[in-house]
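Quick notes on the structure that follows.
First the proteins, then the strands, lettered A, B, ... as listed; each starts at 1.
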Amino acid sequence: MLNIVMIALQYILLFIICFFIYKIMKAVYKDLHQAAYSSDTAGKKAALIIIDSYDENIISNKINFTTSVSIGRGSENDIVLTDNYVSHHHATINAFKNQYQLEDLHSRNCTYVNDEAVNKIFLQNGDIVKIGNTSFRFER
Amino acid sequence: MRDDNINKNIFRIAQVFIVLFVILLINLSYIQIVKSDWYTNNSLNARIINRENSILRGDIIDSTGKKLVYSEKQNNEIKRMYPYGEICAFPIGYFGKNIGSAGIEQTQNIDLAGLNMTMHKLGPIEQLFEGKKGNTIKLTLDVNLQKTAWNAIGQRRGAAVVMDADTGAVLVMASRPAFNPNTINEDWDKLRNDKNSPLINRAAQGLYPPGSSIKPLIADAALQQKIISPDTRINCGPFYDLGNGQKIYEADKATYGNINLDEGLIHSSNVMFAGLAVKLGNKELQQAFSRFGFYDKVKSDFYTQTPHMPDFGKLSTGETAQVGIGQADLLVTPLRMAMLAEAFINQGKIMQPYLVDSVQTLDGVTIRTTSPTLFKEATDVNRAELINSYMADVVKKGTGKNAHVNGIEIAGKTGTAENSQGADHAWFMGTACVKGRNIAFAVILENSGFGGAEAAPIIKQIITTMLREDYDV
Amino acid sequence: MGHLKKNVLLMPSYMLIIGTLIAYLQKKTAVVTSDIIFIVAASFLFFLIPWGIKKYNKNIDEYILSLVIFLCSMSLIMLLRLKVSLFKPQMEWIGLGLVLMLLTIVFSAQLLKLLEYPYLLGLASILIIFLVVVFGTEIGGNRNWIIMGPFQVQPSEYAKLLVLGFLTAYLQENKNLLNLPNRKWGFLYLPPLRFLAPLIMIWSMALLMFVYQRDLGSALLFFGMAVMMTYVATSNKSYMFLAAVFFILSGFASYMAFGHVRVRFDIWLNPWADPMGKAYQIVQSLFALGYGGLFGAGYWHGFPDMIPAVQTDFIFSAIGEEFGLLGVLSVITAYLLIFFRAMKISFSCSDEKYKLLSFGLSATMLLQAFIILAGVTKLLPLTGITLPFISYGGSSMTASFITIGLLLAIGAKEKNRA
């Protein structure tokens with residue numbers, strides 16, 4: 001009887017050793033997976049919502065993007081604003097690590113974030129970006 | 001972008017590490033899975049010795065149940081006892097402390113140690129199946145016959161093998177000089193440096209030129225190739241002329257006149273067999289040796305040496321003639337000669353020789369029994385019987401007279417082998433039917449002179465022992 | 001961020017408790033009451049430490065910490081079995097190590113400031129090596145010990161950390177210079193000699209240890225460390241090539257010149273030439289591993305005492321004998337996982353110095369494990385070096401804990417910043 005208990009204990013000990021490593025391995029893998037997943041989509045999912053514009057038709061439109069978006073009068077931009085106050089290449093928003101950076105491309109009439117003229121700035125959720133006559137709300 | 005460079009480099013180093021650890025793991029798996037049995041059973045692995053403290057090592061008994069080896073507790077120390085000492089040193093071997101082990105003690109180590117390899121592979125569960133004592137190994141050896149052979153060899157260097165011709169079971173495997181397994185640890189250095197090699201089992205591992213005792217094989221080959229028929233007569237003068245001044249003489253430069261194959265064997269005519277070998281040619285000779293298994297390894301429960309064969313592709317006529325009388329580069333073990341003889345009494349079949357009869361647990365339950373297996377289908381029944389009858393004539397009328405025992409059909413062939421170490425080796429090999437049991441045997445005495453005079457009487461003594469009333473076959 | 005469940009964190013403590021139980025059932029005299037108090041305390045400590053540290057600073061990498069705790073439990077149960085007299089001292093060393101680790105984390109900012117003074121670190125490590133050369137005492141064939149009163153210290157374990165710090169700081173500051181290709185020899189691009197001098201010094205230091213102290217393992221480790229760090233910092237493969245040539249040449253020269261190197265090498269090539277003499281250790285180690293098989297003979301049911309130095313250099317073989325391939329696989333995986341987690345920390349570092357340092361610390365630990373594991377399995381010639389967190393020894397244990405402390409501190413710092 002004692003013999004069987006001993007043998008069982010020895011197997012349990014070996015099992016615990018292997019099981020512990022397995023658990024940690026799984027957790028580490030999960031952690032990596034999560035990190036990979038969030039950096040692809042969840043972490044890099046942002047949107048600009050138009051809250052005010054020269055063109056009433058586009059108000060409350062939502063523009064989703066993940067890595068970058070360019071804004072300007074030129075038709076090659078992702079968001080084209082046919083507004084005289086907007087420069088040809090007005091501004092871009094780029095994902096940088098885990099953040100989104102707005103960069104004004106030396107536009108004539110500047111880019112405003114929360115009513116302040118900016119050159120380069122990291123956007124926070126809910127920031128109001130004003131370009132020409134159009135206002136966007138940044139969401140992520 | 002420098003930053004990314006460092007990350008990339010770190011990644012590369014990590015890849016190198018992964019490769020290194022994969023190699024490490026492959027090596028570990030190789031050690032722990034593939035080679036596990038080998039390391040566990042290695043004779044230098046003292047783990048088995050240490051197990052003796054909890055599990056007594058099993059006994060080794062002979063075919064009649066006499067204890068040849070057992071373990072005993074003496075003053076809190078477990079000692080391995082060998083009551084027959086040197087007599088059974090071969091084939092039983094020894095179980096040393098730091099010198100490893102040998103013989104049956106080594107090859108049957110797992111069973112003697114009570115190790116259950118299947119259970120051992122499954123880990124701690126093995127402990128559940130551990131007995132108080134290892135398994136008992138029952139040998140086919142007969143210690144009475146072994147003792148007779150040992151005493152008959154006397155102070156000479158030599159070996160004797162007797163096998164059951166129908167099964168291949170080894171009844172006698174004596175080799176002298178030997179060691180005393182009881183004191184092997186203390187004697188080790190002396191034994192290792194002894195010029196007479198007392199640690200070598202001459203019966204299974206000693207290589208010697210067979211001399212004339214190879215002639216039955218040549219006779220078989222010549223009959224098979226129809227180079228000679230039983231009635232053919234050949235003039236056997238004092239010598240066989242090889243042409244370029246080389247001559248092979250009869251023993252004592254005798255002249256036998258026109259004799260047939262039977263008489264050729266009776267007189268052990270060198271002229272006849274040198275001639276037959278030359279007529280057979282190298283290719284046919286090689287095939288004959290191959291038929292009798294001289295090129296095959298014996299894989300058994302004891303270690304054997306495979307014969308050293310001449311390079312038949314490159315032999316000159318003179319050397320071919322020498323092979324016919326068992327000289328040239330041909331080297332064989334006594335066990336092989338007994339196996340050769342076995343073919344002639346066992347309808348042309350050679351059985352796989354073996355020493356372990358069965359393995360029994362402490363409670364007497366037999367775990368496994370060796371079943372005889374065929375080693376080689378050497379020759380056909382007719383030729384075998386014919387040659388065996390010729391060999392019987394050798395004992396009745398020829399060079400083997402000294403082996404004769406009244407009322408017993410003994411067949412044999414003597415050999416007197418020239419060698420580089422000095423005086424000729426004396427050989428005697430053959431078969432007999434004792435109390436209905438067919439046996440095959442071979443004896444060698446190193447540097448002892450004539451086979452008929454020296455080696456044949458040893459067989460006579462063994463057979464006499466077998467004939468004693470109390471001896472039960 | 002997934003959190004480890006409580007029952008996973010409890011497992012190293014379970015290991016200790018079951019190990020003790022088996023030890024007690026096997027041999028009633030093996031475990032005395034005071035040991036049991038120690039073991040209970042240790043089991044609590046092993047559970048509370050990762051949990052408590054997590055509470056103190058949530059950015060600390062809990063995986064690394066629990067893996068270290070696992071290795072320590074492994075060490076303790078093996079010592080309980082191999083040499084019970086070393087069990088309590090090892091327990092104390094682990095306790096001291098944990099305290100040092102916590103202190104390292106708390107004072108990490110100050111410690112990491114030392115990276116601003118590379119030459120100070122360099123000088124300090126040279127001083128330590130010099131001290132060993134002058135005052136070193138030979139223990140177990142290696143003249144790399146210094147005896148201070150009741151303590152025996154293996155300074156090379158700490159010198160390792162200083163050299164790592166020096167390499168980090170020096171390479172980060174000078175990597176652009178080191179990559180200036182103004183000397184071209186064949187296909188090698190090398191900077192002027194004066195920029196190379198400190199690296200050559202470290203390499204020579206390794207060689208000095210190798211030759212004078214017979215400490216082949218540390219020499220190999222220092223050498224590998226310097227090569228890895230140089231490559232990672234400069235991306236210059238010419239250094240790798242140069243190092244390989246240097247290594248082969250010095251290896252060959254020492255084989256020719258020194259008997260003990262020759263003996264070790266010959267043992268490695270053919271241990272079966274003298275299995276009961278010179279090659280006794282490695283042959284016994286192979287027997288132990290082979291006897292273990294896949295599942296092992298069972299805790300307390302192998303015969304690891306036959307291997308000399310089993311509690312230090314050969315503890316891995318004892319694990320292999322009693323826990324089998326599965327057990328050693330777990331241990332190896334633990335080291336690899338620590339390295340991978342540390343790799344993640346270095347990737348997240350924005351400061352190159354921290355990036356280099358965290359890489360260096362973890363890679364050195366992994367390399368150390370590899371050198372000794374390859375040694376006891378006859379993959380490489382055997383070099384006496386400890387297995388981090390498992391082998392018995394205070395210097396090794398405390399130095400390893402400081403290493404982990406630095407890693408955790410850097411990791412927490414970077415995460416905090418992000």
Side-chain angles (χ1 to χ4, degrees), chain A residues 1-46 66-68 93-103 120-127 138 140, chain C residues 1-5 7-26 61-67 69-71 73-74 77 294-301 319 322-334 336-338 340-341 344 347-348 350 418:
Chain A
M1 186 57 208
L2 186 68
N3 209 358
I4 292 172
V5 172
M6 279 286 281
I7 292 167
L9 281 175
Q10 286 167 43
Y11 277 112
I12 291 170
L13 185 54
L14 180 61
F15 175 77
I16 290 179
I17 291 170
C18 296
F19 190 67
F20 174 79
I21 291 293
Y22 166 74
K23 275 285 181 195
I24 298 275
M25 230 164 100
K26 207 170 131 190
V28 168
Y29 175 77
K30 231 181 185 170
D31 179 60
L32 264 180
H33 189 261
Q34 225 168 49
Y37 186 77
S38 62
S39 64
D40 274 358
T41 48
K44 285 190 181 163
K45 207 172 190 178
T66 51
T67 51
S68 72
I93 301 175
N94 287 303
F96 190 79
K97 288 199 169 160
N98 227 3
Q99 304 232 34
Y100 286 90
Q101 191 179 42
L102 176 107
E103 189 174 359
K120 255 188 195 181
I121 190 173
F122 283 109
L123 291 176
Q124 306 291 327
N125 190 20
D127 279 352
F138 176 77
R140 59 173 303 194
Chain C
M1 179 79 195
H3 289 285
L4 288 172
K5 290 207 184 81
N7 60 2
V8 176
L9 292 180
L10 268 172
M11 281 187 185
S13 311
Y14 291 156
M15 275 167 66
L16 263 183
I17 292 164
I18 295 182
T20 317
L21 199 60
I22 295 177
Y24 179 74
L25 289 176
Q26 182 69 28
D61 191 305
E62 58 180 341
Y63 302 107
I64 293 185
L65 197 58
S66 33
L67 286 164
I69 297 284
F70 163 77
L71 293 174
S73 305
M74 200 78 204
I77 59 172
L294 181 61
F295 294 98
Y299 180 61
W300 215 282
H301 284 84
I319 296 174
E322 304 212 319
F323 295 108
L325 185 62
L326 291 175
V328 293
L329 203 67
S330 303
V331 171
I332 290 174
T333 312
L336 281 173
L337 284 175
I338 291 178
F340 289 143
R341 288 304 296 182
K344 201 186 165 203
F347 282 167
S348 72
S350 56

A:Ile121 and A:Asp127: CA distance, side-chain angles, deciding distance, side-chain contact (heavy atoms from CB on, under 4.5 Å) verdict: CA-CA 11 Å; A:Ile121 190 173; A:Asp127 279 352; 5.6 Å; no
Apply salt bridge (Lys or Arg N to Asp or Glu O under 4.0 Å) to residues A:Asp31 and C:Lys344 and explain how you reach the verdict. CA-CA 11 Å; A:Asp31 179 60; C:Lys344 201 186 165 203; 3.0 Å; yes
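With a 4.5 angstrom heavy-atom cutoff, C:Ile77 touches chain A only via side-chain atoms. Using a 4.5 Å cut-off between heavy atoms, C:Leu326 touches chain A through backbone and side chain atoms alike. Neither the backbone nor the side chain of C:Phe340 comes within contact range of chain A, judged by heavy atoms closer than 4.5 Å. Both the backbone and the side chain of C:Gln26 come within less than 4.5 Å of a heavy atom in chain A.
Contact between C:Tyr299 and C:Ala23 at its shortest, heavy atoms only, is CE2-N, 4.5 Å. Heavy atoms only, all atoms of each residue included: C:Ile319 and C:Gly327 are closest at CG2-C, 4.4 Å.
Ranked by heavy-atom pairs under 4.5 Å with chain C, the list A:Ile24, A:Ile17, A:Ile16 is led by A:Ile17. The candidate from C:Leu67, C:Val331, C:Leu329 with the greatest count of non-hydrogen atom pairs under 4.5 Å with chain A is C:Leu67. Contact count versus chain C (heavy atoms, under 4.5 Å) is highest, among A:Met25, A:Lys26, A:Lys30, for A:Met25.
Atom CD of A:Gln10 is separated from atom CZ of C:Phe323 by 8.5 Å, given to the nearest 0.5 angstrom. Interatomic distance, C:Ile338 CD1 to C:Tyr63 OH, rounded to the nearest 0.5 Å: 14.5 Å.
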